[in-house]
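Encoded as C-alpha cells, the structure appears first; notes follow it.
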Amino acid sequence: MVERSKFEFKPFGQPGGGSVVVFVNDALETGEDAAKALGPDALATISRAAAAENFKGKLKKALVIAAPQGIEADRLVVVGTGPAADFSKLDWVELGGAVQAMLSGARASLYVALPGHDVTPEAAADLTLGMQLRAYKFDKYKTKKDADEKASKPLKVTLFVHDPSAARQVAKARDAVAAGVLTARELVNEPPNVLFPEEFADRAAALEKVGVDVEILDEKQLKKLGFRALLGVAQGSHREARVVVMRWNGAGAKDQPVAFIGKGVTFDTGGISIKPGAGMEDMKGDMAGAACVVGLMQALAQRKARVNAVGLIGLVENMPDGRAQRPGDIVTSLSGQTIEIINTDAEGRLVLADVLWYAQDRFKPAFMVDLATLTGAILVALGQEHAGLFSNDDTLADRLAAAGLETGEKVWRLPLAPAYDKMIDSKFADMKNTGGRFGGSITAAQFLQRYVKDTPWAHLDIAGTGMNAPQTDINKSWGSGWGVRLLDRLVRDHYEG
Ligand code: BES
Ligand code: MN
Ligand code: ZN
C-alpha cells in the first residue's frame with residue numbers, strides 16, 4: 001500500500017504553521033478571502049520579497065519566504081498562476097503537482113483563491129489529485145533512501161476554500177482516481193520476478209476490499225474454456241497463465257456493462273523470436289494495459305461510480321523454453337479462428353484475441369476498450385505524447401479523444417481498413433500474427449478487430465505512454481498509470497446514470 005497525504009477542507013481562516021501556500025496572479029494579487037485571512041502584514045511581506053527576488057507570478061513559479069513575520073507559518077510559498085486571461089486554461093491538477101514539489105515538512109495549508117476568479121470545488125479537489133500523483137515514488141527496493149526523501153513523505157494538508165463541504169465531496173472522488181493511478185503505477189514498476197501472472201491476479205483480487213467482484217480463471221479452466229491462443233504464449237514459461245474478471249456493479253442490475261480489457265504480459269522476452277538484450281528489462285512493463293484496468297476498476301469502485309463495469313485482463317509470461325511456441329505453429333483461438341504464428345514476439349494480440357472474444361461473448365457490453373503495450377511501431381508513429389487509438393465506432397473514438405484533452409492523457413486515431421486487414425491473411429491458417437514491417441501498429445489492430453463482432457470497440461496502443469514515461473509535474477514514475485484518468489473521465493462524462 002502506498003502511503004498518502006491527508007487533506008482537509010476549511011473555510012478561509014488562520015494558517016496553522018508549516019508551509020503556507022498562497023496563489024497569486026501576474027500582478028501578485030491573491031483572492032480576496034485569502035488576502036483577508038492572511039492579513040496586511042503577510043501581504044506586505046510578499047510584495048517586499050517578490051520585489052527583492054524579481055518574482056513575477058508566472059505560472060508554476062514559486063517564491064519561498066522562510067520564517068515570515070506577521071503570519072503563523074514556517075514558510076510562505078507564493079505560487080504564480082500567470083496572467084488572469086489564462087485562468088480558464090489553468091490546469092489545477094498540474095498546478096497541484098507543481099505545488100507538491102515545493103513543500104517540505106509535515107504540514108501544509110493552501111489558500112485556494114485567486115482574484116476575480118471563482119475557484120470551484122472541482123479546482124480545489126483537482127489540486128489534491130495533482131499533489132498525490134506528484135508525491136508517488138517507487139523506492140520500496142532501495143535500502144538506502146535518497147536525501148530528498150522527505151519531500152515525498154505524506155503530508156497533512158489543509159485547503160482553505162469557499163465551499164468546504166462541496167470540495168470535500170469532489171475530493172473524495174478525486175482521491176479514488178489518485179488511488180487507482182497509483183495502483184497502476186505500482187504494478188507497472190514492480191520487477192518481473194515479483195510480479196508474475198499469479199501474483200498479479202492476487203493483487204487484482206485485493207480489489208474485493210473496495211467492493212469489486214473478482215474471479216480468477218486458472219490454467220485448467222482456461223484450457224477447458226478454449227483460450228488456446230493465450231495459453232500458447234504462456235506455454236514456454238514455468239509461470240502459469242491467469243485471466244482475471246473484475247466486476248463493479250454501481251448501476252441497476254439490468255444496465256448493460258461497459259468493458260475494459262488489458263494486456264498483461266508480466267515479462268516479454270519475445271519467446272523463441274527472442275528480443276535483443278539491450279533494454280529488455282523494460283519488458284517488465286508489458287502489463288501496463290492490465291495495470292490500467294485494475295487501477296480503473298479500483299477508481300470506479302472507490303468513488304462508487306454509477307455504472308456497471310467489467311475489467312478483464314490476460315496474464316502470461318512470454319518465455320522461450322523447450323515447450324515454447326514456435327514460429328510456424330498454428331493455434332485455434334477461443335473464437336474458433338485459426339492463427340499461424342509467424343513471430344512469437346507478437347504475443348500481445350494472441351492474448352487479447354481470446355480475452356476480447358470472451359468479454360464480448362459473456363458480458364455483451366455496451367462497448368469494449370482494450371489497452372495494450374502492443375507495438376514498438378506506435379512509438380515510431382506517435383512518440384510518447386499520444387497513445388494510438390483504433391476504433392470501429394466514431395462516437396466512442398470521439399469521446400475518447402475528448403476525454404484525452406480533458407485529462408491530458410491524449411490519444412490519436414489511426415485508420416483501420418480492409419487493405420490493411422489483408423496484410424494478415426495467412427497461407428496456412430485464417431490469419432497470421434504479424435503483417436510485416438509496414439503499418440505495424442495498424443496490422444496489430446486489424447488482428448484484434450477480427451475478434452470483435454458488432455460491439456463498439458476501441459483499442460489503445462500504449463507502448464509509448466504506459467511505461468518509461470516522460471517526467472511531468474504530476475508524474476515522476478517510470479510506470480505512468482496512463483489511462484486510468486482517461487477512462488475514468490470517459491465513464492464519468494458519458495456512461496453514468
Ligand atoms: N511488448 C512489445 C511491444 C513494445 C515495444 C512495448 C516497445 C513497449 C515498448 C510487443 O509484444 C512486441 O514485441 N511487438 C513487436 C511486434 C512485431 C514482432 C510484429 C514489435 O513491436 O516489434
Ligand atoms: Mn512481444
Ligand atoms: Zn509484448
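Atom set for the values below is all heavy atoms of this structure, side chains included, hydrogens, waters and symmetry mates excluded. In this chain, residues are counted from 1 in sequence order. As the structure lists them, so they are numbered: ligands from 1, and atoms in each ligand from 1.
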Between Arg349 and Glu347, does at least one N-O distance fall below 4.0 Å, as a salt bridge requires?
no

Six-ring centre of Trp248, Lys304 cation under 6.0 angstrom, axis tolerance 45°
no

Does the pair Glu186/Arg203 count as a salt bridge with the N-to-O cut at 4.0 Å?
no

Relative to each other, are the rings of His459 and Phe390 parallel, tilted or perpendicular (30° and 60° limits)?
parallel

Can you list everything that forms a side-chain contact (heavy atoms from CB on, under 4.5 Å) with Ala173? Sequence neighbours excluded, please.
Arg303

Distance below 2.8 Å from the Mn ion (ligand 2): how many protein N/O/S atoms qualify?
4

Would you say the side chain of Trp357 lies within less than 4.5 Å of the side chain of Ser333, judging by non-hydrogen atoms?
no

Closer than 4.0 angstrom, basic N to acidic O: yes or no for Asp430 and Arg450?
no

side-chain contact (heavy atoms from CB on, under 4.5 Å) partner of Leu350, chosen from Leu231, Ile339, Leu230:
Ile339

Which of the protein's N, O or S atoms come within less than 2.8 Å of the Zn ion (ligand 3), not counting waters?
Lys263 NZ, Asp268 OD2, Asp286 OD2, Glu347 OE2

Would you say the side chains of Arg4 and Gln132 form a donor-acceptor pair under 3.5 Å?
yes

Are Phe267 and Ser237 close enough that some pair of their side-chain heavy atoms sits under 4.5 Å apart?
no

Determine, stepwise, if the pair Asp286 / Thr266 fulfils side-chain hydrogen bond (donor to acceptor under 3.5 Å, both in side chains).
CA-CA 6 Å; Asp286 210 16; Thr266 59; over 6 Å; no

Measure from every N or O atom of ligand 1 to the protein's N or O atoms and keep only the pairs below 3.5 Å, writing each with atom names and distance to 0.1 Å.
from, atom 1, to, atom 2, distance (Å)
ligand 1, 1 (N), Lys263, NZ, 3.4
ligand 1, 1 (N), Asp268, OD2, 3.2
ligand 1, 1 (N), Asp286, OD1, 2.9
ligand 1, 1 (N), Asp286, OD2, 2.9
ligand 1, 1 (N), Thr373, O, 3.4
ligand 1, 11 (O), Lys263, NZ, 3.2
ligand 1, 11 (O), Asp268, OD2, 2.9
ligand 1, 11 (O), Asp345, O, 3.1
ligand 1, 11 (O), Glu347, OE1, 2.8
ligand 1, 11 (O), Glu347, OE2, 2.9
ligand 1, 13 (O), Lys275, NZ, 2.8
ligand 1, 13 (O), Asp345, O, 3.0
ligand 1, 13 (O), Asp345, OD1, 2.8
ligand 1, 13 (O), Asp345, OD2, 3.2
ligand 1, 14 (N), Leu374, O, 3.4
ligand 1, 21 (O), Gly376, N, 2.7

Provide the closest heavy-atom pair for Val170 versus Ala125 in the form atom of the first, atom of the second, distance.
CG1-CB, 3.6 Å

Is the ring centre of Phe367 less than 6.0 Å from the ring centre of Phe260?
yes

